[in-house]
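Heads up, the thing below is written out as structure tokens.
Just so it is clear: chains get the letters A, B, ... in the order the sequence lines come, proteins before strands, and each one is counted from 1.
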Amino acid sequence: MYGGQRVAGPTRERVDALIDGSLEWVGQNLVRFDPITRASDANWFRSKAALELAMLCMQARRLTPDGAVHPQIERCVDFLERTWGDPLYQERVVREPGMFRLYAATYIALQAGRESADPYREVIQRIVDDGYATAIEEVPFRVLELRYLLELGGFRHDLPPCRQLYRQTLLAKAPPLLYLTNLDAYSITHTLFYLADLGRRPIRAIPPEDLPAVSWTVGKLLGLYLRRRNWDLVGELLLSCQCLRWTPRLIYEAAWESFLAAQLPDGSIPGTLRHERYTAELGGRDEADRLFSENYHTTLVGSLVGLSIRPLLDTPG
Amino acid sequence: MTGPAGHFAATRRPSLAADSSAWAGRTEAWLERLVTSGEAAQAPISAALQGIVAAWIVRELLPDEAGEGALAGWEAVLKDRLGEEDPQGALLGCDAASVLLATRILRGRGVRTSSLEAFVAALAAALGDEAVTHQSAELFGTLTLLHELGLAEPPPTGHVPVPLLSPATNLFQADEATVAMIANHVAASTDFGRRPPSVDAAFFDSLVTAVPVWALDALRSYKFELGTTLLRTMVYLGLTDEPMLPMGLHLLVMQQRPEGAFAFLAQEAASLARSKPAFMATWDVDVPATLACIWALAEGIVPGFRLFHDTAGDRAIAAR
């Protein structure tokens, strides 16, 4: 009980409303995810948004093995297939190997779970085999991301095992929580996403004796960002709880309640204010572009965490 | 599996208690230097009161008589201030708890100053019988100190009420005024951690979860007044297994400046200097911030230490 209000975890009906609303908004804004804005220049920020959309679609499809995916996910997949199929976009994975993680991820997410071998696969493997993509010096959780993607796509690679990569991350080094920035919090959520395959498998790379502290960290961060109404990180931390198979008492319920309540009537979920340059690159032409740049990521996170938790909820009735 | 606390670097380091001689010693040296340099002679009476309280806490943290120099120095400063014309008028503008704590400290050293004694007697009379039954958590500390001075009955400890929050807000999102109000109620209900709180069981569970989150938010935002209050609230609630408590106390130690004062508040000082007439960073920022930090540290690491109770006897028993 908080101030006389009863707080409960999410019901399936409310999670369905979260998913339906957020995916509807995404569907209405598909054009703003299009990374090909000029023939000569793939928009980096939109490419990032497209990749994040692809990851959402991958998760949705993997969670519905019978193929009965949400109609808006089908629309998004069609859009992403067209995007990837555009040579102006597709060729970037070869022409810009420095951005391999960004461009290859879209392909991998689209191909995940598909049985038919795609001819472009050999091109991707060739780039990996050349050694540059895995040699780029990146922060540890980004290396973990690359490893996760390559494993997901079934590609050969020379990256160290997850447990070894995990030990290099901020989460494993366990600095005092009081110093962590928002970016540090993202490094923690993403580390857990990759280690748990977005909640689909138990985490084995974290030593069992470290799990209580990792869970404690996630719980405290969830409380902090709930207090600060940072719905982007609240959403990611709720998914992190699922990755850990753990629900921090009271905070989890309160966070879900507030997260669901934060969804706007148009289905979007308010994000954190983006940098002006980001808004300009992503769209920046009108109010709708500005709102898109602010809210698209949090809305995708809302769909992702909703779709991920839904199979765990009781069927209504 | 081990508990969370042992996992974090900050809580694996040598214990704060074992290190206390080092950081408390630096603070003692700073407080003493303010006196010997003559700077303290310019301190307003409110700062002199805080100075003697800070020096007293530091002496409690240091072994044997190691903190006596600063305490004796601030005793002299305060006596000088109280000997000036119209100290009553100046005392009226001071925090009542500081006045009462300073009175208790001076009495403990065998010193009774007529102006201070007259002021606290007048304060006790002003609060009167009404205060004894007063349920205001804000007055609890004042009444406790008046009782310690033999000037009032012990105040009732009271109940921690469930705050009324707007429908769209949960306890984690409570505003700072509500958080401070709850902290006051916890201090009053537990008699500064000397007894279990009187609180609805479900709300107690919520507090155990929310207080560390509030402390994380406040300390991460460099709001030391609220952050240190919440660390003490965790102590009063008995959250000794909560990793946020040693983590927060460790953060305070990390905020000690080379000269011994606590908190790097040049930004706040610069802002106040522009808006507050006769602003003096030492008295308006450094001494209050240092007092807040060492108060939380002392109550967090010294078993049985409670600033609002003269607990030397209790601690001697605990040490046996």
Kindly indicate, with the supporting measurements, whether the criterion side chain to side chain contact (heavy atoms under 4.5 Å, CB included) is fulfilled by A:L178 and B:H250.
CA-CA 10 Å; A:L178 291 151; B:H250 174 77; over 6 Å; no
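- Formation of a donor-acceptor pair under 3.5 Å by the A:R227 side chain with backbone atoms of B:W214 is not found in this model.
- Contact detail for B:R220 and A:N182: the closest heavy-atom pair is NH2-N, 3.4 Å.
- Neither the backbone nor the side chain of B:V208 comes within less than 4.5 Å of any heavy atom in chain A.
- When all heavy atoms of B:N170 and A:S258 are compared, the pair lying nearest together is ND2-OG, 2.9 Å.
- Interface residue B:S221: backbone and side-chain heavy atoms are both found under 4.5 Å from chain A.
- With rounding to the nearest 0.5 angstrom, the CE atom of B:M247 is 10.0 Å from the OH atom of A:Y179.
- Ranked by non-hydrogen atom pairs under 4.5 Å with chain B, the options A:L221, A:L180, A:L224 are led by A:L224.
- Crowding of A:R204 atom CZ: a count of heavy atoms from other residues, nucleotides or ligands under 6.0 Å not exceeding 12.
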Could you go through A:L226 and B:V213, starting from their C-alpha distance and side-chain angles, then the distance that decides it, and tell me whether this counts as side chain to side chain contact (heavy atoms under 4.5 Å, CB included)?
CA-CA 10 Å; A:L226 167 62; B:V213 169; over 6 Å; no
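- Here the CG-CZ distance, from B:D217 to A:R228, works out to 4.0 Å after rounding to the nearest 0.5 Å.
- More than 12 heavy atoms of other residues, nucleotides or ligands lie within 6.0 Å of CD in B:E259, so this atom counts as buried by the packing criterion.
- A:L250 and B:F172 make their closest contact through O-CE1, 4.0 Å (heavy atoms, listed as atom of the first residue, atom of the second, distance).
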